[in-house]
A.B. asks: 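My questions all concern the structure below.
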Number of protein chains: 2
Amino acid sequence: MVRQPSINAQNRPPLSIERIIEAALHIVDGQGLGRLTMRRLGDALEVEAMAIYHHLPRGKEQLLDGLVAHVAAAPADERGAAGWRDALRRWSVSYRERLLAHAGVLPLLVTGRNPAALAATTASLREILRRGGIPEAGAAVAAHTLLGYVIGHTALEVRGRAPAEAAEGPVDWDARFTAGLNLVLNAVNPG
Amino acid sequence: MVRQPSINAQNRPPLSIERIIEAALHIVDGQGLGRLTMRRLGDALEVEAMAIYHHLPRGKEQLLDGLVAHVAAAPADERGAAGWRDALRRWSVSYRERLLAHAGVLPLLVTGRNPAALAATTASLREILRRGGIPEAGAAVAAHTLLGYVIGHTALEVRGRAPAEAAEGPVDWDARFTAGLNLVLNAVNPG
DNA sequence: ACCTGAACACCGTTCAAGT
DNA sequence: ACCTGAACACCGTTCAAGT
């Protein structure tokens, strides 16, 4: 008699850290961070939850670290920038877009978790500033000021898009971000 | 025979929302957000966990909303400010101090949760700007730019204070914050 | 090497009951 | 009115076992 392997086991791509992170991000984007559980993640991957531990020995902590790395550390897009000032602008715009696209992981970003991921982000900003000839001390301040603004303003947007911004009417958040970005870019690089 | 009420029930201050929030904040500050559970909170209040629901019918959601309100919405200290520009500075410094003192609730701040709390915060900033004679449109941008910077930079600090900021040596975060704040304040109010 | 199944110690929350 | 105790449906994780 020919062996008949179990239906689910055949021709399935093997589990990998990449596929796990991808599936987790999909759950967070679609249902929120609170609904990301190991069991649900296992379901999404058509696997028992416990199989995940074989690839992420540190369990859920490692999973969340991976989400932070995936969202925060990937290089922001600055293609086609006209000079380094424009590169700063494009970098900020595309970094904000990614944060908004994965707003569910924002709470993980403001934790001590995975500090290396954000170090990589600031490093890429400092590289742009270095190209502009900004001295090292000023570049360190400029990078944190700009990144701080982008992250903080995005956080305000996430809260502001929720109902009941009593103080003012509905806000055009894209325009608001751009206006603030202009102020910060001018401050970081006057003249 | 004289009635003997149970030992625990006598002369205990009755549970109140204020005492509950206070105890919850104490747990978060001391042990982190992840260790704030209804059962542990009950222990801290010398009460069964289920008693808390009598005061917070919406349960843990309402508890977290209360933490956000307590940390984010309280007015920042600007006493003794020499003019409104100095008031903006003092406001920012004291708001950052409070965020750092309760860094464990930062993740709750970057959620859609309790948007009214942050609306109150921006309103207090706009009041200072109004006193400075800044026109309404500019004040709206300035308030979000400044608050965005303060929140975002504080988030960077929380991550940066964790080990392994590979790119640069140990950072003087107080000085870094002040330097960036100077840039932003200048941008928000040139001249 | 990779995955499963049962088990353990926890969660948040409901609900009937006590005082 | 305020709190308790038992119960329910879930968690993350360990560990022995399967293939």
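These numbers were taken from a predicted model, which means no experiment stands behind them. Side chains included, hydrogens not; waters and symmetry mates left out as well; all remaining heavy atoms used.
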A.B. asks: Pick from A:Thr178, A:Leu181, A:Asp174: which one makes a side-chain contact (heavy atoms from CB on, under 4.5 Å) with A:Arg96?
C.D. replies: A:Asp174

A.B. asks: Which class fits the ring pair B:Tyr95 and B:Trp91: parallel under 30°, tilted 30 to 60°, perpendicular over 60°?
C.D. replies: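 Answer is parallel, since the angle falls under 30°.
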
A.B. asks: CD1 of B:Ile52 versus P of D:dC3: gap in Å, rounded?
C.D. replies: 10 Å

A.B. asks: At 4.0 Å (heavy atoms only), tell me whether B:Met38 reaches a base, stays on the sugar-phosphate, or touches nothing.
C.D. replies: sugar-phosphate

A.B. asks: Give the rounded distance in Å between these two atoms: NE2 of B:His54 and P of C:dC15.
C.D. replies: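 The answer, rounded to whole Å, is 15 Å.
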
A.B. asks: We want to know whether A:Arg159 and B:Asn114 form a side-chain donor-acceptor pair, criterion being a heavy-atom distance below 3.5 angstrom.
C.D. replies: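 No, B:Asn114 and A:Arg159 have no side-chain donor paired with an acceptor closer than 3.5 Å.
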
A.B. asks: So, is B:His55 near the phosphate of D:dC3, with a side-chain N or O under 4.0 Å from OP1 or OP2?
C.D. replies: yes

A.B. asks: Heavy atoms only, 4.0 Å cut-off, all strands: where does A:Leu56 land among base, sugar-phosphate and nothing?
C.D. replies: nothing

A.B. asks: For B:Arg39 and D:dA6, give me the distance from atom CZ to atom P, rounded to whole Å.
C.D. replies: 13 Å

A.B. asks: To the nearest Å, give me how far apart CZ (B:Arg40) and C1' (C:dC11) are.
C.D. replies: 10 Å

A.B. asks: Does D:dT13 have OP1 or OP2 sitting under 4.0 Å from an N or O in the side chain of A:Arg58?
C.D. replies: no

A.B. asks: Among C:dC11, C:dA7, D:dC3, which nucleotide sits nearest the side chain of A:Met50?
C.D. replies: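 That would be C:dA7.
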
A.B. asks: Inspect the contact between B:Arg19 and B:Glu22 and indicate whether a charged nitrogen and a carboxylate oxygen are less than 4.0 angstrom apart.
C.D. replies: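 Answer for the salt bridge query: no.
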
